[in-house]
Visitor: 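A single structure is presented below for examination.
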Protein chains: 2
Amino acid sequence: MSPASVKKRISESTIHRLSLYYRTLSLLEKENYETVSSKELAKREKLTPAQVRKDLSFFGSFGTRGLGYNVNELKKKIETILGINREWRVALIGVGNIGSALVSYKEFAKQGFDIVKLFDNDQRKIGSNHKGIIVSDIKNLEKEIQEANISMVILAVPATVAQYIVDDVVKAGVTAILNFAPINLRVPPYVHLRNENMAMELEYLSFAMVNNHSPKKTK
Amino acid sequence: MSPASVKKRISESTIHRLSLYYRTLSLLEKENYETVSSKELAKREKLTPAQVRKDLSFFGSFGTRGLGYNVNELKKKIETILGINREWRVALIGVGNIGSALVSYKEFAKQGFDIVKLFDNDQRKIGSNHKGIIVSDIKNLEKEIQEANISMVILAVPATVAQYIVDDVVKAGVTAILNFAPINLRVPPYVHLRNENMAMELEYLSFAMVNNHSPKKTK
DNA sequence: TACTTCTTGTGAACCATTTCACATGGCTTC
DNA sequence: GAAGCCATGTGAAATGGTTCACAAGAAGTA
């Protein structure tokens, strides 16, 4: 009834929940479930069944009345919606603490995010090997990003240099950036920027404890 | 007009924005700003001035009409609201890729989150030193957490074992958990649980690119 | 085929959050 | 001390997101 072609503004929360559904569907698949109801899916995510159905309904009708959703089929649908049914060539910039942890982060690879390039400005790191990838000199950023056909960048550099690197990365034609530096970056309107701020969630916990905020959802 | 004592349900987004304001105020302080208006604050966070004022108004009136907010004073107010004006004794469980990156993550320490204990189950890691902290055997989890007076736990272990550890941690009396494992954990209702899912933001970027979703806010 | 059971898909109702708009009050200048 | 300016704090309006409730479709049973 509401085909994917119909442009409707989808909320950020809906997309985030699709990620959750995807993860749970992968699990259900491993547990050899054939089908799953919105009720069961909701239970696992601590959401309401109506929420699950509404989220999915923005993109089409994937279920069977009386039966539920076919696990494998729904998983594939969500992969398509999220755009993770393909390979994304990703460059990771900054091979420090966070950066080197991310190189080996399995969830990225599982979902089609292939880190194929590493960059740093530290001479001691340049040339070194992380999980089979040689760290490149950030001096060659623009050229190498274009040659390697990179479309996404993960930024794990100090806040002080993040903006300069973003400017270069944008010049190189990258249009999606995941930023781990605790700073507000400026990008042109056509570039997608997301910030990952790990302190934020600890701060939320702190607030919740101090205020006896009854925990409800976990994002 | 609306003192902090009045219990009102504060939205998750408001708390997250307070974190953003806090970070920006720290920066403004370094740049020697005396005062800041909601307009300026909003500009830096890509929000509206009304949003900033409304967020703050839930907790009191901290500004001066015609002038704006005193940077240092507002920063302190937010510290108090978020509960980061004190020290939190934190244990980090799982000294793998992510775990060891987090030990050195400066933002945590800056905001009063003191990682004072490390745990792992890997004999090769137990006894080793990370940033001055000796890794403990997870076998002694409950006892050591209580002795060290830990109130928060950061969980950076594989998904397969996360639930068992959470159960132990809860038994030890911990009531705040930040989970990096890609799994839905069960905790009693009085325990605060937050999940950090780094793949989620990449998935959002992927979705945005595939759907030409015009970027608006970055969380 | 008729009946029961189950669960989807979705307008409509409800609730939460954001934005608007303006009265209020502090500060500065004359 | 009056006037002008500026930016807060906040009800009210507008927007956006979630939940309700039910019609309708599929599968199984007799």
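Quick note on labels: first sequence line is chain A, next is B, and so on, each numbered from 1. Note: hydrogens, waters and symmetry copies are ignored here, and every other heavy atom, side chains too, is used.
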Visitor: Look at the side-chain N and O atoms of A/Ser61 and state whether any lies under 4.0 Å from the OP1 or OP2 oxygen of C/dT8.
Guide: no

Visitor: With a 4.0 Å cut-off, would you call A/Glu79 and A/Lys75 a salt bridge?
Guide: yes

Visitor: Please enumerate all residues that pass ring pair (Phe, Tyr, Trp, His ring centres under 6.0 Å) together with B/Phe108, with sequence neighbours excluded.
Guide: B/Tyr105

Visitor: A/Arg9 CZ to D/dT15 C1': how many Å, rounded?
Guide: 13 Å

Visitor: Kindly indicate whether the side chain of A/Glu196, heavy atoms from C-beta on, has any atom under 4.5 Å from the side chain of A/Leu178.
Guide: yes

Visitor: Any salt bridge between B/Arg17 and B/Glu12, counting N to O under 4.0 Å?
Guide: no

Visitor: Are A/Glu45 and A/Gln51 close enough that some pair of their side-chain heavy atoms sits under 4.5 Å apart?
Guide: no

Visitor: Would you mind reading off the distance between A/Phe59 atom CZ and C/dG9 atom C1', rounded to a whole angstrom?
Guide: 15 Å

Visitor: Would you indicate, yes or no, if C/dT19 has its OP1 or OP2 atom less than 4.0 angstrom from a side-chain nitrogen or oxygen of B/Gln51?
Guide: yes

Visitor: Within this structure, what is the CZ-to-P distance between A/Phe62 and C/dG9, rounded to whole angstrom?
Guide: 8 Å

Visitor: What distance do B/Ser13 atom OG and B/Leu18 atom CG have between them, rounded to the nearest 0.5 Å?
Guide: 10.5 Å

Visitor: Counting only side-chain heavy atoms from C-beta out, which of C/dT10, C/dT19, D/dT18 sits nearest to B/Lys54?
Guide: C/dT19

Visitor: Measure from the side-chain heavy atoms of B/Arg53 and tell me the nearest of D/dT19, C/dC22, C/dG9.
Guide: C/dC22

Visitor: Give every pair of a protein N or O atom and an N or O atom of nucleotides 27-30 of chain C that lie under 3.5 Å apart, one pair per line with the distance.
Guide:
none

Visitor: Using distance alone, with no hydrogens and no angle criterion, decide if B/Ser151 and B/Trp88 have a side-chain donor and acceptor under 3.5 Å apart.
Guide: no

Visitor: Between D/dA7 atom P and B/Leu74 atom CG, what is the distance in whole Å?
Guide: 16 Å

Visitor: Look at the side-chain N and O atoms of B/Arg17 and state whether any lies under 4.0 Å from the OP1 or OP2 oxygen of C/dT18.
Guide: yes

Visitor: List in numerical order all residues of residues 33-44 of chain A for which some heavy atom is under 4.0 Å away from an atom belonging to DNA chain C.
Guide: A/Ser37, A/Ser38

Visitor: Distance check needed: C/dT18 P versus A/Glu12 CD, whole Å only.
Guide: 11 Å

Visitor: Can you check salt bridge (charged side-chain N to carboxylate O under 4.0 Å, His left out) on B/Glu31 and B/Arg44, steps first, answer last?
Guide: CA-CA 14 Å; B/Glu31 294 173 16; B/Arg44 296 201 175 215; 3.3 Å; yes

Visitor: Do A/Val153 and A/Ile145 touch side chain to side chain, with heavy atoms closer than 4.5 Å?
Guide: yes

Visitor: Ignoring backbone atoms, establish whether B/Tyr69 has a side-chain N or O less than 4.0 Å from OP1 or OP2 of D/dC6.
Guide: no

Visitor: Considering heavy-atom distances to DNA chain D, does B/Gly66 or B/Ala50 have its closest nucleotide positioned more toward the 5' end?
Guide: B/Gly66

Visitor: Whole-Å distance between C/dT19 C1' and B/Leu47 CG?
Guide: 12 Å

Visitor: Just the rounded figure in Å: distance from P of D/dT10 to CZ of B/Phe58.
Guide: 11 Å

